[in-house]
J.: 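This is the structure I want to talk about, given as C-alpha cells.
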Amino acid sequence: MATVTKDKTKTGTGRVVQVVGVVVDVEFDGKLPPINNALTTTLDGQDLTLEVAQHLSESAVRTIALASTEGLKRGDVIEDTGAPISVPVGDDTVGRMFNVTGQPIDG
C-alpha cells in the first residue's frame, strides 16, 4: 500500500541536524516543505516517514517521525515528497488494519 505520493515538481532534499526521540530537525538549502508534508529517508533498509510539524527558520523544519529513529544521525539525507501523508481508500482496504503510515499490519 503506497502511503506517500511523490510530486517530482516540488521535492527537495535536506539533511538531519538534530534527533531527539521522534522529533527530527531537518535543514534544507532551498525552499522549505510546507507544514504537514511527508519527508522520507531509508534507515536500516526500511523507509522512515517524517511529517513536517513546524518551520524553525528560513532553512530548517521540525518533523515528527512516524516510526523509531534509532540509528538516524546528523547529516543523513531526507527527501521531501512534495505531498502530505495519505492512505488509499477502496475495496482493498476494507476490513484491514494499518499502522500510522498506512502499512498493513494484519498479515
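Nothing here was measured: the structure is a model prediction, and the numbers come from that model.
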J.: How would you list, by chain and number, every residue that makes a side-chain hydrogen bond (donor to acceptor under 3.5 Å, both in side chains) with D76, sequence neighbours excluded?
T.: K73

J.: Return the CG to CG distance between L50 and D80, rounded to the nearest 0.5 Å.
T.: 11.0 Å

J.: To the nearest 0.5 Å, what is the distance between CG on L32 and CD on E27?
T.: 9.5 Å

J.: Applying salt bridge (charged side-chain N to carboxylate O under 4.0 Å, His left out), name anything that partners D106, two or more places apart in sequence or on another chain.
T.: R96

J.: Would you say V24 ends up clustered with I35 if hydrophobic residues are merged whenever their side chains have heavy atoms under 4.5 Å apart, either directly or through other cluster members?
T.: yes

J.: Applying salt bridge (charged side-chain N to carboxylate O under 4.0 Å, His left out) as the test, list every pair that has at least one member in residues 12-26; sequence neighbours left out.
T.: D25-R62

J.: Which pairs with one or both residues in residues 32-45 pass salt bridge (charged side-chain N to carboxylate O under 4.0 Å, His left out), sequence neighbours excluded?
T.: none

J.: Do I78 and V26 come close enough that some side-chain heavy atom pair is under 4.5 Å?
T.: yes

J.: In terms of hydrophobic clusters joined by side-chain contacts under 4.5 Å, are V52 and L43 together?
T.: yes

J.: Without swapping roles, check the side chain of T13 against the backbone of E79 for a donor-acceptor pair under 3.5 Å.
T.: no

J.: Distance from I85 atom CD1 to T49 atom OG1, nearest 0.5 Å?
T.: 6.0 Å

J.: How many angstroms lie between atom CD1 of I105 and atom CG of N99, to the nearest 0.5 angstrom?
T.: 6.0 Å

J.: Please list, one pair per line, the donor and acceptor atoms closer than 3.5 Å that link side chains of residues 65-72 to other protein atoms, with sequence neighbours excluded.
T.:
unit_1, atom_1, unit_2, atom_2, d
S68, OG, E70, N, 3.2
T69, OG1, G21, O, 2.6

J.: Please list all pairs passing the salt bridge (charged side-chain N to carboxylate O under 4.0 Å, His left out) test where one or both residues lie in residues 32-41, with sequence neighbours left out.
T.: none

J.: Heavy-atom distance under 4.5 Å between the side chains of S59 and D29, does that happen here?
T.: no

J.: Could you check whether any side-chain heavy atom of N36 comes within less than 4.5 Å of a side-chain heavy atom of E51, counting everything from C-beta outward?
T.: yes

J.: Is there a path from V19 to L39 through hydrophobic residues (I, L, V, M, F, W, Y) whose side chains come within less than 4.5 Å of each other?
T.: yes

J.: Kindly give the heavy-atom pair with the smallest separation between T81 and A38, and that separation in Å.
T.: OG1-O, 2.8 Å

J.: Ignoring hydrogens and geometry, is there a side-chain-to-backbone donor-acceptor pair from S57 to A60 under 3.5 Å?
T.: yes

J.: How long is the straight-line distance from CZ of F28 back to NE2 of H55, given to the nearest 0.5 Å?
T.: 9.0 Å

